[in-house]
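When a ligand or atom number is given, it counts from 1 through the structure's own listing order.
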Amino acid sequence: MCGIMGYLGPKDAVEVVLGGLECLEYRGYDSAGIALAEGRKIGISKCVGSVANLKAQLEKNPLSGKLGIGHTRWATHGGVTRENAHPHVDADGKVVLIHNGIIENFHELGEEFSKKGARFASETDTEIVAFLISSLYEDDPLLAIREACARLRGSFAFVILFANISDRYYCVRKGPPLVLGTAEGEAFCASDVTALLPYTRNILFMEDDEIAELSAEGVALYGFDGTPKETRTQTVDWDASMTSKGMYPHFMLKEIEEQGSILRRTLTGRVGGAGEEGIDLGKEFPFSEEDARKFRRIHLVACGTSCHAAAVAGRLADKFADMDVRVEAASEYRYGNVICDAHTLAIFVSQSGETADTLAAARQARARGARCLAVTNAVNSSLAREVGSVLELRAGPEIGVAATKTFIGQLAALTLLVLWLGKRKGNLDREKELRLTEELARLPLKLEKILGQGESLRKMAERHKDAFGFLFIGRGASHAIGMEGALKLKEISYVHAEAHAAGEMKHGPIAILDVRLPVVAVVPKDDLYEKTLSNIQEARARSAPIIAIASEGDEDIRRFSDDCFFIPRTENELTPFLTVVPLQLFAYHLASLLGKEIDRPRNLAKSVTVE
Ligand code: F6R
């Protein structure tokens, strides 16, 4: 949460920092602020709301400089006010700082400083850190930062300016992500590599307990104990075009429409089709055939949309992996008394690889001896480093706050993983493996066929835009897809939506049904089709309009529903790849018709780095 951007170099720092903040707004948009070093003075501008507000403010009262830092906030401590917006500054104006994370002992430190007469301008947990560093600063900025870090509890990424230093600035990481970028005579920092791509692909991913000094000469890296560290710059293969909307009105729509090609990319080289290998997860995959045979338990742990992908994979694992399967939200798993050992395969799914609860859950499973794997889009993320082994999604940067293309990448990676295990466990014969892998290779085209019918989903959304709320139902993996459909809808349209296993509807949720509450039934033609059909009829008997996501050729469903969308036929186990897409588009169009801010839904942030 919170976006951070910093720049030093020959360009106009205001322009670079604001451009970066716009790119990072998906991390928070409660307030925005910027600080510019102008000679021995630091100019600050901040405001409530988006970066656009900050831009407008700077047009009226301009700032300039070659060294600047900026912040876009997702509020945790202290309300959404100008005073609480970053950057924060100490009483003497010596230290200016922006922060992502939480300082747990801010209250204690605040009292200590208050007793000495300090007066704070904000209610944040950040401002005290500027006071603390300032109180420790004589002439060695690194020493002051190190001493301050030793007194802080919690998680933090800081970018720090000193008023009497205009040719260097400092970054600190303990927890939340911070990446540095370099180019000839330029030094950048940001919360996410996407903000740096327009300027450089030479990137250094900071690790925990590191301090960086950034200057026109480049980056000098130190441990919290002051030991110099080697700078590990690498060239990333993402490029700036991946982070632009192009001709699309919203990133979310662009990313939904990219899903056919994402699926191809995730499968490339991993599915041999009719070849000898079948599924080949490559050399980076850390488990041997023998490991696979020894696994007794499989834990799939994640948050939000990633947890829905985990739930789909859990159903597949029930069928093929012959293991005790546990799928759980990371925020629950981490506090449970979870039994893991060397025969437990614990899989942590996270597009960002920075979700605090997923990280904590992975730490716990590792400490208890589980064999761990991260399934993530960010191979340099904290999760990837914590776990050590990564199955990469290859989805490219996802900017829309509502996850879509990474969900398809997760489904693909997890499906391959479960089928690979199933084969080693002797539960997937050669014929079935080939049927599934050949169909996987055909899925991108089928998915693109659905994308070509966006207009019919827009019209469907138009017919239901005044609904009071929506109830999503499905069985098995289609229940997980119902949960994902409901999540997408409420995230971006703010319309109430809930999802239940279809068989659970009559145990309570049925009470809320009436003519104003459509039931969205995910009902592909699979083993559970007839059971779900009965539930649809129960809902219909209570006057609820029925929207069915069904399989092509299912003429019966027309009789029982008011609105149908047909997905191409596929193998029963693979229907989630197709049923989720119309639900993403339905949510997108409904939100658009209701005039919502699709790429920046209220109260949400793309990467949830607080617990
Ligand atoms: C929903 C959404 C969130 C994330 C969740 C986990 O559209 O984006 O529910 O799925 O915050 O994030 P990651 O996958 O980064 O761990």
Closest to atom 9 (O) of ligand 1 by heavy-atom distance, out of Thr305, Ile492, Leu383, is Thr305
- request: Say whether Gln410, considering both its backbone and side-chain N or O atoms, lies within less than 3.5 Å of an N or O atom on ligand 1.
  value: no
Under 3.5 Å between some N or O of ligand 1 and some N or O of Ser306?
-> yes
In this structure, SG of Cys307 is separated from CD of Glu484 (nearest 0.5 Å) by 10.5 Å
The side-chain contact (heavy atoms from CB on, under 4.5 Å) partner of Leu436 among Leu316, Thr570, Leu574, Thr415 is Leu574
Ranked by distance from atom 15 (O) of ligand 1, the top protein heavy atom is Ser352 OG, 2.6 Å
| field | Side-chain H-bond candidate by donor/acceptor type, Thr404 with Gln259, under 3.5 Å | value | no
inquiry  = Parallel, tilted or perpendicular, judged at 30° and 60°: which one describes the rings of Phe156 and Phe158?
reply    = parallel
Assess whether a salt bridge exists between Glu491 and Lys488, defined as any Lys/Arg side-chain N lying under 4.0 Å from an Asp/Glu carboxylate O. yes
query: Is any NZ, NE, NH1 or NH2 atom of the basic residue among Glu354 and Arg27 found under 4.0 Å from an Asp or Glu carboxylate oxygen of the other?
result: no
Counting heavy atoms under 4.0 Å, the part of Val401 that contacts ligand 1 is backbone
Any heavy atom of Lys488 under 4.0 Å from ligand 1? The part involved is side chain
message: So, regarding Leu487 and ligand 1 (criterion: nitrogen or oxygen to nitrogen or oxygen, under 3.5 Å), is there a contact or not?
response: no
So the atoms of ligand 1 within less than 4.0 Å of a heavy atom of Ala402 turn out to be 7 (O)
Could you tell me whether Asp341 and Arg368 have a side-chain N and a carboxylate O separated by less than 4.0 Å? no
Practice task
Evaluate the criterion side-chain contact (heavy atoms from CB on, under 4.5 Å) for residue pair Lys245 and Asp599; output intermediate values, then yes/no.
Solution key: CA-CA 11 Å; Lys245 273 199 295 235; Asp599 284 333; 4.2 Å; yes
Atoms of ligand 1 under 4.0 Å from any heavy atom of Gly304, numbered from 1 in the order shown, are 9 (O), 10 (O)
For atom 2 (C) of ligand 1, the closest protein heavy atom turns out to be Glu491 OE2, 3.6 Å
Salt-bridge test for Arg270 and Glu392: reply yes if a basic N is under 4.0 Å from a carboxylate O, no otherwise. no
*Are Phe565 and Phe586 an aromatic pair by the rule of ring centers under 6.0 Å?*
no
Looking only at non-hydrogen atoms, the one of Thr355, Leu393, Leu359 nearest atom 16 (O) of ligand 1 is Thr355
Ligand 1 atoms nearer than 4.0 angstrom to some heavy atom of Ser350 are 13 (P), 14 (O), 15 (O), 16 (O)
Ligand 1 atoms nearer than 4.0 angstrom to some heavy atom of Ala403 are 7 (O), 8 (O)
among protein heavy atoms, the one nearest atom 5 (C) of ligand 1 is Cys303 O, 3.7 Å
for atom 11 (O) of ligand 1, nearest protein heavy atom and its distance come out as Val608 CG2, 3.9 Å
